[in-house]
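This report concerns only the one structure given below.
Side chains are part of it too, since the values below use all heavy atoms of this structure and drop only hydrogens, waters and symmetry mates. Order of the sequence lines sets the chain letters (A, B, ...), proteins ahead of strands, with each chain counted from 1. All values reported here derive from a predicted model rather than from experimental measurement.
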Amino acid sequence: MLEILQYSFITNSLLAAFFASITCGIVGTYIVTRRMVFLSGGITHASFGGIGMGYFFGLNPIFSAAVFAILSALGVEFLSKRTEIREDSVIGILWSFGMAIGIIFIFITPGYVPNLMTYLFGSILTVSGLDVWLMLALSVILILFFTFFYRLILFVAYDQNYARTHKIAVDLLNYILISLVALTIVLNIKVVGIILVISLLTIPQSIANLFSKNFRNIILLSIVISLVGVLTGLIFSYKINIPSGAAIIFSLVIFFGLAKATQMILSRSILKTKIQKILE
Amino acid sequence: MSKIVELKSVFAGYNNDVILNDVSFEIYDDDFIGIIGPNGGGKTTLLNVILGLIKPIKGSIEFFGDTENKNNKIGYLPQINQIDKKFPISVCDVVLSGLIYSSGIFYKHSKEDRIKVRETLEKLGICDLQNKPIGELSGGQMQKVLLARAIVSSPRLLILDEPNTFVDNKFEGELYEILVHLNKEMAIIIVSHDIGTISTYIKTIACVNRGLHYHKSNKISEQQLASYNCPIKLITHGEVPHTVLKTHNHILS
């Protein structure tokens, strides 16, 4: 299998797997603990509008999707705070509106639309050099931001109102973080696709959360779990020739099942020894 | 006795609804005020105005003395149902977050901060919990942790929003003893739905129902409550309440 490493698309996809694990490990932990999974799903699907517009205007779809995703993320954050509309309703509207715009623009784009399936279902083997550079840049930004502002992020995520009583710029921090969430989603679309990207932001974190109740450790564990999951998926997809995105998600869900079973057996045996001690 | 906060004819509310109507109110540094009133009467809105979470539409709020340490003037214990119990954070970190204002731009905590946290946990008798994730705490333990976060910065005013919900009677008694002790160092405002229990500990009562009536005693009668336009039920008064159950026959035995 080693000889396939000499092809640049293989190195690109391995690098993409690495950076996807870092970005999704960090951002996913934030999303899961803040209970923003549905919001993130909304941003993901809304970004399809940006991809459609990118095709129509002849831009790189990743750039237009990034702009679209950030604007819709900021929009939800703003609308749900300043108006009376329920946040989940705003997300629902945005979710379908973005998809609708994407479909309209792809439909009116003359001629053949290349690589559309790449964006919907992901294709880690077609990740370009530019994509890898962008993911590297995002990884560096996220690592720096979450290292330097770790406590601030943790405290505000835990109890926003309390942070406000200490005159912390909660709104500004939320806007920055939601933009980073949007960027992470868009840059990972190539890896597993719009339809599946939410799983990279939730499954590794849910597995990690089974074994750790510490924010930092959940981030680190999720990164490792994602990496193992993505590589396992890649090998699967190479060996039995199935789409890589689906293979990655499939392996992650299997891991989750195994982890949950292990955790249940472990906690039961701990309970049993404790009861034994009481009885003695 | 010096003044900490003064509200001057404050009007406040949310979306077209005036909830606080012309409220004037002064808080002094040795106060122990119980806030009572019907649901929707504006108790939480009043707290939010004092905490700076909402701005008055009309009127003013002013803080006095010690303007250097602006941010640690107020310690706040929110209602427990506003806290996500599954959030992955340890007791120690929750209490550290009470010192968030003092920790500089990158919010690294100094050794003194950690000592303060340790002392506060000791004061409340929950040192053994410090490394536990909050998901493993009981209701009473959680309230103590939130109280520790509120007082770790040695605030001049402590605000508690219904600290006696979801806790057992033993904890409640313990909590009030702690508060009486803390009252020697700071003013305390406590919102409670159960005026009977708190009335032995508090010094004064503020009835909030759109307007505010300040009752400068800890004894209040149903007639006075009615005249303050504050229709809530008095459960008991005076001594710590107890319930007497009627003797009943065990039919099954």
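The greatest number of non-hydrogen atom pairs below 4.5 Å with chain A, out of B:Glu136, B:Lys132, B:Lys86, B:Arg149, is found for B:Arg149.
In plain terms, the two heavy atoms of A:Tyr158 and B:Asp84 that are nearest each other are CE1-O, 4.2 Å. Taking all atoms of both residues into account, the shortest heavy-atom contact from A:Asn161 to B:Gln82 is ND2-OE1, 4.3 Å. Nearest heavy atoms, B:Gly98 versus A:Tyr162: CA-OH, 3.5 Å. Taking both residues in full, the closest heavy atoms of A:Thr165 and B:Tyr76 are given as CG2-CD2, 3.8 Å, listed atom of the first, atom of the second, then distance.
Of residues 194-216 of chain A, those residues lying under 4.5 Å from chain B by any heavy-atom pair are A:Lys213, A:Asn214, A:Phe215. Close approach to chain B, defined as a heavy atom under 4.5 Å from one of its heavy atoms, is seen in no residue of residues 267-274 of chain A. Below 4.5 Å, heavy atoms of chain B meet heavy atoms from A:Thr33, A:Arg35, all part of residues 23-41 of chain A. Inspection of non-hydrogen atoms places no residue of residues 255-263 of chain A under 4.5 Å from chain B.
At a threshold of 4.5 Å between non-hydrogen side-chain atoms, the residues B:Leu96 and A:Arg151 count as touching. Using a 4.5 Å heavy-atom threshold, the side chains of A:Asp159 and B:Phe87 count as separate. Between B:Ile100 and A:Leu152 there is a side-chain heavy-atom pair separated by less than 4.5 Å.
Within the 4.5 angstrom heavy-atom criterion, only side-chain atoms of B:Leu53, from C-beta onward, approach chain A. With a 4.5 Å cut-off on non-hydrogen atoms, B:Ile134 touches chain A through its side chain but not through its backbone. Both the backbone and the side chain of B:Leu51 come within less than 4.5 Å of a heavy atom of chain A. Of the atoms belonging to B:Leu146, it is side-chain heavy atoms, and not backbone ones, that fall under 4.5 Å from chain A. When heavy atoms are compared at a cutoff of 4.5 Å, B:Asn48 does not approach chain A at all.
Counted within 6.0 Å of CZ on A:Phe250, heavy atoms from surrounding residues, nucleotides or ligands total 12 or fewer; the atom is thus considered open. For B:Lys58, the NZ atom is loosely surrounded, since the number of other residues' heavy atoms within 6.0 Å does not exceed 12. Surrounding CZ of A:Phe18 are at most 12 heavy atoms belonging to other residues, nucleotides or ligands under 6.0 Å away.
One distance of note links CG of B:Asp93 with CG of A:Leu154; it measures 6.0 Å at 0.5 Å rounding.
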